[in-house]
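Working notes for the structure below.
The residues of the chain are indexed from 1 along the displayed sequence.
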Amino acid sequence: MAMSPAAGRTPNPKAAPSPSARRAVADSASAAAAAAAAASDTKARFEAYNRLQAAAVAFGEKLPIPEIVAIGGQSDGKSSLLEALLGFRFNVREVEMGTRRPLVLQMVHDPTALDPRCRFQEEDSEEYGHPMVQAAAIADLIKQRTESHLRTIQAAVSAKPIVMRAEYAHCPNLTIIDTPGFVLKAKKGEPERTPEEILSMVKTLASPPHRLILFLQQSSVEWCSSLWLDAIREIDPTFRRTMIVISKFDNRLKEFTERWEVDSYLSASGYLGDNVHPFFVALPKDRGTISNDEFRRQICQVDIDVLRHLRDGVKGGFNEEKFGPYIGFSCLRKYLESELQKRYKEAAPATLALLEQRCSDVSMELSRMDSKLQATSDVSQLRRSAMLHAASICTHLRALLDGAADPAPEVWGKTTEEEQMHSGINSWPGISVPVKPPNSSLKLYGGAAFERVMHEFRCATYSMECPQVSREKVANILLAHAGRGGSSGMTEAAAEIARAAARSWLAPLTETACDRLAFVLQSLFDLAMERSRTDDSRYQNVENMDGYVGFLAALRCSYYKFVKDLSKQCKQIVRHHLDSVTSPYSHICYESDFLGGVGTVANTLHRFNQFSGVASFDLSDSGSLEEGQENLPPRDQQHMTPPAKANEREILKESQLTVPETPSPDLPADIHGGKKKDNGNMNDGGARKRHARMAAYANRSHHNNVTVGGDDLVSRSGSSYSSICSISAQYFAKMREVLIERNVPSALNSGFLTP
Ligand SMILES: Nc1nc2c(ncn2[C@@H]2O[C@H](COP(=O)(O)OP(=O)(O)OP(=O)(O)O)[C@@H](O)[C@H]2O)c(=O)[nH]1
């Protein structure tokens, strides 16, 4: 203390202080105030970073907050060092499993907390739990959290940290992350990959450049045989942000006898570079239960003992000027604290800029939400957005019908089987065999799926045979016509039978086709929504309607209703076509040149190939010839028969008619006699001959004055009945062909796609 000129005299308490004394007092007061302000700045900065860190951990954010990561081999003393820094033991190192999850230890120096207050951050939230005081309870909680998390993720180690905040009068303001220790071999019962997992996890934790690395290595390890130094070099090759701590220094001390030995060891010459100074730390060995005060006292004592040993126990002491600042726990503690504060200060502008950026992002998002909220009360704005959204959905629907590959058909498309299953329409009425159009195994949607259903419908329809008609029905129609004395009674009867069959068998098929097509269209709504959503995120100015649940539900409902109405209308139109084709006034049955004539196999085959069109290209890669030709007319089966085969079948059928036991004198002999010739010969114009025969038959019956009614339909079952069945089958095929080739496809296409 500087003496004043009046030194030695008794000071007069009442005398006014001299100006210089006043200045000195003022200087020291302002220095104290500045120090206090700096300390409070430091504390505030530390607090702010701690809160930021907790938030980052809770939300999985990666913020460049300066932190210290303690790493090293197993049992190198990381947890012990953390306890020493904290100023009390919480027994983490007693947990025999070792460190398995990183522990973020936020130490907050609080002079009022004479007992440590530890609080753990909840596993998936920013909140901290209640303060805990008991060391055993803290250790238990760490152990329990570690075990339950590892059990959940089925692993031996995890990178998900446990965050503990400790407020204590005797700890510095410091945040350290304790990590699992490196090991060379997995423990018994643990996965063999555990050592690599630990190494890679710790490397990941230590890699961010804003983190300081506190690398611990036991003093017993020689620099040349250091196991993990290379791992540190990989992360931080120049040790720019690495602090090296030689732990358990007490174990090494007794080996030094000469000064050069100590100095050479302390300098780590040749291994770390001139600018890297490791710290040499020893901590109390005593494992007994001691008070926190005693623990801290022992830490100080070990520091004193180490220095004393180096000074007095070694011949010539050691280079204290050079290495003194690096020996002992208290030096390390001071260094860590100041280093972290320095980094906090350096990082503050960048952190602030980052936070401001985040704030402005959030403000923008908030104002967007605000304007959205306001828009909800602006009806005209709402209407505009709703119309824009509906228009966008319509555009996407159109694009999907025109053929699109977005969204991924593999995910959003359906195979024929899936379509059948999801629509609840698993089969075609009256068709017992499964109908599989080409490409049935591909996942399609939109226009492609529509075309495939159309093709499936054709396949289903052609696979239908003219249903059997009972003798009574035939007799009822035939006899009535005969009674009226008509000359073409048999033809008329056959036509009438075919009409009735077409009406009752084809109508359900067309209705099913409408339902299936409607399902394809309905499914498009979700795809259009998905496309619209992707567009929204691409062009952010488009109003996002996600929150308007009621509107979206109404839009969906009206779309479904629209499709349902379309389906209803299409059913009516198709029904109308069916009615006109099956009308007695229709001339279809009597058009001899219809589509090249009944039974012209070559022509009908050609037509089948035409309708097959694009839809019959098999694009599935499974495509063996058989599969590729799914539902193309099978050669040896009667069902699944397109027009050509249907006609062939009629020919076959005719050829297989039962010869009546008593040949009817009414029928020309060649009707039966010619059968054998026709049998199986599809290209010999059999159907045409048959047609001619039918006409001849009709004429002859008329000319010979033999009425059809005179033919006994019961006893001569093989004659008139069979012929009528055969003719009506041909008529049925004709009607079907007109419907499937001309009327129905155009009606469904225009009805569904261009309503
Ligand atoms: N002699 C001596 N022993 C120490 C010193 N520091 C720690 N130990 C002991 O070394 C052992 C391992 O210490 P820990 O702190 O658990 O080591 P760790 O690195 O955290 O271990 P893991 O988390 O399993 O990687 C304990 O028994 C400590 O008491 C020291 O300075 N001197």
Side-chain angles (χ1 to χ4, degrees), residues 31-54 66-68 70 77-94 103-121 127-142 162-178 214 279 281-284 286 288-304 328-345:
S40 107
D41 268 5
T42 304
K43 181 134 198 256
R45 205 182 293 122
F46 181 73
E47 271 290 327
Y49 270 110
N50 263 354
R51 282 173 51 203
L52 209 54
Q53 188 178 44
E67 289 154 334
I68 300 172
K78 298 176 293 298
S79 305
S80 302
L81 184 67
L82 254 66
E83 283 181 337
L85 287 165
L86 194 54
F88 83 101
R89 280 183 170 151
F90 54 95
N91 285 339
V92 173
R93 68 185 187 290
E94 297 297 342
L103 174 76
V104 178
L105 184 51
Q106 299 176 327
M107 301 174 210
V108 181
H109 174 72
D110 180 354
T112 66
L114 298 177
D115 283 319
R117 283 194 302 259
C118 294
R119 288 188 295 149
F120 284 87
Q121 192 180 357
E127 301 300 317
Y128 288 87
H130 295 298
M132 301 172 85
V133 182
Q134 292 294 320
I138 294 168
D140 282 349
L141 190 74
I142 291 175
I162 296 173
V163 181
M164 179 172 125
R165 180 184 167 93
E167 294 154 348
Y168 195 25
H170 303 286
C171 74
N173 283 321
L174 202 67
T175 295
I176 286 204
I177 304 171
D178 190 12
L214 186 67
F279 284 85
V281 174
L283 293 171
D286 185 9
T289 318
I290 48 168
S291 69
N292 292 337
D293 286 343
E294 177 57 18
F295 176 53
R296 289 193 301 278
R297 198 199 61 74
Q298 285 186 6
I299 292 173
C300 294
Q301 190 57 48
V302 171
D303 268 3
I304 295 167
F329 168 78
S330 60
C331 292
L332 174 67
R333 176 183 147 150
K334 254 187 249 142
Y335 178 78
L336 287 179
E337 212 177 350
S338 72
E339 195 60 20
L340 196 61
Q341 286 306 329
K342 203 173 99 198
R343 304 275 171 149
Y344 280 158
K345 215 169 170 179

Sidechain N-carboxylate O distance under 4.0 Å for E337, K334: no
Gap between atom [atom2] of [Y] and atom [atom1] of [X] - 0.5 Å precision:
{"X": "E83", "Y": "D178", "atom1": "CD", "atom2": "CG", "result": "9.5 Å"}
{"X": "E67", "Y": "L174", "atom1": "CD", "atom2": "CG", "result": "11.5 Å"}
{"X": "C118", "Y": "H130", "atom1": "SG", "atom2": "NE2", "result": "15.0 Å"}
{"X": "R117", "Y": "T112", "atom1": "CZ", "atom2": "OG1", "result": "5.0 Å"}
{"X": "L336", "Y": "L332", "atom1": "CG", "atom2": "CG", "result": "4.0 Å"}
{"X": "Q301", "Y": "E294", "atom1": "CD", "atom2": "CD", "result": "9.5 Å"}

Is there a side-chain contact between [X] and [Y] (heavy atoms, below 4.5 Å)?
{"X": "M132", "Y": "L141", "result": "yes"}
{"X": "R165", "Y": "E167", "result": "yes"}
{"X": "L214", "Y": "L81", "result": "yes"}
{"X": "M164", "Y": "I138", "result": "yes"}
{"X": "K345", "Y": "K342", "result": "no"}
{"X": "P116", "Y": "L86", "result": "no"}

Heavy-atom pair of closest approach, residues [X] and [Y]:
{"X": "Q298", "Y": "P284", "result": "OE1-CB, 3.4 Å"}
{"X": "R296", "Y": "Y168", "result": "NH1-OH, 2.7 Å"}
{"X": "L82", "Y": "A70", "result": "CD1-CB, 4.4 Å"}
{"X": "A169", "Y": "L114", "result": "CB-CD2, 4.2 Å"}
{"X": "L340", "Y": "T175", "result": "CD2-N, 3.5 Å"}
{"X": "F295", "Y": "I290", "result": "CA-CD1, 3.6 Å"}

Single hit among I162, V104, V163 for side-chain contact (heavy atoms from CB on, under 4.5 Å) with Q121: V163
